[in-house]
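Structure record follows, encoded as structure tokens.
Just so you know, these numbers come straight off a predicted model, no measurement behind them.
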Amino acid sequence: MNDASAPRKSSVRLLILPALGLLAAAILADVLGRAAGWGALGRGPSHSGRVALTFDDGPSPRTPELLAILERHDARATFFVTAPACAAHPELLQKMLDSPHQIEAHGRWHRHALLLTPWQEWAQIVWHPRGGEAGLPETDLLLYRPPYGGHSPLTRPLARLAGRQIALWDVEGRDWTDADAPTLAQQTLARIRPGSVVLLHDGPAVTPELLTLVLDGLKERGLQAVPLTELPMRRIGLRQGLKRVWASYGG
């Protein structure tokens with residue numbers, strides 16, 4: 001009886017061990033790629049007096065209001081747009097492309113990398129609103145911000161192959177929560193430092209008021225809101241990556 005069950009146990013182990021290995025690789029890729037962010041583009045120099053405000057998920061019916069607020073404050077930002085939103089609002093996409101703001105890619109789908117097949121993740125990464133699937137000349141810097149910042153084991157190799165730079169952030173505006181704009185603005189401004197990259201969203205009802213309060217706060221501190229190319233972003237190194245992990249899981 002023991003002899004008969006041995007092959008079955010061995011077969012189960014042969015199935016479980018690879019599955020556990022894949023799970024461990026997926027978790028490690030997300031921790032190193034998203035939480036630590038090592039090798040991706042992150043915050044800029046701390047002596048520049050500049051801050052980058054970034055908006056994910058647009059364009060949306062909220063976009064014109066955000067653009068108007070930025071114009072009133074003489075501020076420029078970076079918008080990470082998705083393919084479905086661009087298809088739904090082509091006139092808003094064109095307005096953004098004609099504006100002084102920086103327009104970059106947030107993916108073909110707003111889906112975590114671990115929920116994509118390898119060929120889907122390739123399509124996710126290679127899509128860009130300024131270059132289409134064929135891409136732009138190599139002299140143009142094309143940024144890709146993964147939805148949720150999520151990484152699979154293939155995210156970085158595919159991005160390199162597609163000629164894309166992964167762009168993350170160090171401050172979250174948390175405009176996806178139920179908190180009111182003054183509370184979110186106070187929390188956001190408390191975390192912002194010169195060189196910070198702030199994550200906001202194009203869509204939530206609270207974002208326009210939050211943006212106005214943040215811009216007022218930046219002006220009081222003598223900080224200028226600029227696109228990511230003018231920050232400029234720097235690669236996340238060992239020390240900053242460890243701080244990011246601690247902020248994500250420890251503090």
Would you say [X] and [Y] make side-chain contact, with heavy atoms under 4.5 Å?
{"X": "His106", "Y": "Pro146", "answer": "no"}
{"X": "Ile166", "Y": "His151", "answer": "yes"}
{"X": "Pro194", "Y": "Val51", "answer": "no"}
{"X": "Cys86", "Y": "Trp127", "answer": "yes"}
{"X": "Leu200", "Y": "Asp56", "answer": "no"}
{"X": "Ile103", "Y": "Met96", "answer": "yes"}
{"X": "Val214", "Y": "Leu189", "answer": "yes"}
{"X": "Glu230", "Y": "Gln102", "answer": "no"}

Exercise for review: Mind running ring-ring contact (aromatic ring centres under 6.0 Å, His included) on His110 and Tyr148 for me, showing each step along the way?
Suggested key: CA-CA 8 Å; His110 199 278; Tyr148 314 105; 4.8 Å; yes
Shortest non-hydrogen separation from [X] to [Y] and the atoms involved:
{"X": "Gly39", "Y": "Arg156", "result": "C-NH1, 3.7 Å"}
{"X": "Val81", "Y": "Pro129", "result": "CG2-CG, 3.5 Å"}
{"X": "Leu218", "Y": "Ala225", "result": "CD1-CB, 4.5 Å"}
{"X": "His101", "Y": "Ala77", "result": "ND1-N, 3.0 Å"}
{"X": "Pro84", "Y": "Gly107", "result": "CD-O, 4.5 Å"}
{"X": "Leu66", "Y": "Phe79", "result": "CD1-CE2, 4.5 Å"}

Within 6.0 Å of [atom1] in [X], more than 12 heavy atoms from elsewhere:
{"X": "Glu71", "atom1": "CD", "result": "no"}
{"X": "Arg221", "atom1": "CZ", "result": "yes"}
{"X": "Gln186", "atom1": "CD", "result": "no"}
{"X": "Asp98", "atom1": "CG", "result": "yes"}

I'd like to know if the side chain of [X] reaches the main chain of [Y], judged simply by a donor and an acceptor atom lying under 3.5 Å from each other, with no hydrogens or angles considered.
{"X": "His128", "Y": "Arg130", "value": "yes"}
{"X": "His112", "Y": "Leu114", "value": "yes"}
{"X": "Thr207", "Y": "Gly203", "value": "no"}
{"X": "Ser196", "Y": "Val198", "value": "no"}
{"X": "His89", "Y": "Ala85", "value": "no"}
{"X": "Glu65", "Y": "Pro208", "value": "no"}

**Study point:** Residue pair Leu116, Trp122: steps toward the side chain to side chain contact (heavy atoms under 4.5 Å, CB included) verdict
**Key:** CA-CA 9 Å; Leu116 300 171; Trp122 170 255; over 6 Å; no
Would you give the length of the straight line joining atom [atom1] of [X] to atom [atom2] of [Y], rounded to the nearest 0.5 angstrom?
{"X": "Leu142", "Y": "Glu104", "atom1": "CG", "atom2": "CD", "value": "6.5 Å"}
{"X": "Glu121", "Y": "Trp109", "atom1": "CD", "atom2": "CH2", "value": "10.0 Å"}
{"X": "Arg62", "Y": "Leu211", "atom1": "CZ", "atom2": "CG", "value": "12.5 Å"}
{"X": "His73", "Y": "Leu53", "atom1": "NE2", "atom2": "CG", "value": "10.5 Å"}
{"X": "Leu154", "Y": "Trp119", "atom1": "CG", "atom2": "CH2", "value": "11.0 Å"}
{"X": "Asp175", "Y": "Asp57", "atom1": "CG", "atom2": "CG", "value": "9.0 Å"}

**Study point:** Path from Leu158 to Leu115 over hydrophobic side-chain contacts below 4.5 Å
**Key:** no
Check your understanding: Are Leu92 and Phe80 linked, directly or through other ILVMFWY residues, by side chains that come within less than 4.5 angstrom of each other?
Key ->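 In one cluster: no.
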Review point. Side chain to side chain contact (heavy atoms under 4.5 Å, CB included) between Leu199 and Arg145: does it pass, once the steps are laid out?
Key: CA-CA 11 Å; Leu199 170 63; Arg145 175 174 284 171; 3.5 Å; yes
Exercise for review: Give me the one residue out of Thr63, Thr82, Thr54 that meets side-chain hydrogen bond (donor to acceptor under 3.5 Å, both in side chains) with Asp202.
Suggested key: Thr63
Practice item. Could you please spell out the steps behind the side chain to side chain contact (heavy atoms under 4.5 Å, CB included) verdict for Thr78 and Phe55? Key: CA-CA 6 Å; Thr78 301; Phe55 297 86; over 6 Å; no
**Study point:** Gln224 vs Arg76, side-chain hydrogen bond (donor to acceptor under 3.5 Å, both in side chains): CA-CA, chis, key distance, verdict
**Key:** CA-CA 9 Å; Gln224 181 185 10; Arg76 289 171 296 147; over 6 Å; no
Review point. Taking 4.0 angstrom as the limit, do Arg43 and Asp170 come out as a salt bridge?
Key: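 Counted as a salt bridge, because a side-chain N and a carboxylate O are separated by less than 4.0 Å.
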Practice item. Inspect the contact between Arg191 and Glu172 and indicate whether a charged nitrogen and a carboxylate oxygen are less than 4.0 angstrom apart. Key: no
Exercise for review: Any chance you could lay out the side chain to side chain contact (heavy atoms under 4.5 Å, CB included) test for Trp176 and Arg174, step after step, and finish with the verdict?
Suggested key: CA-CA 5 Å; Trp176 45 269; Arg174 300 182 65 83; 3.8 Å; yes
Practice item. Please check if any side-chain donor atom of Gln165 sits under 3.5 Å from a side-chain acceptor atom of Arg235, or the reverse. Key: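 A pair is found: one side chain offers a donor N or O, the other an acceptor, under 3.5 Å apart.
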Check your understanding: Within 45° of the six-membered ring axis of Tyr144 and under 6.0 Å from that ring's centre, is NZ or CZ of Arg164 located there?
Key -> no
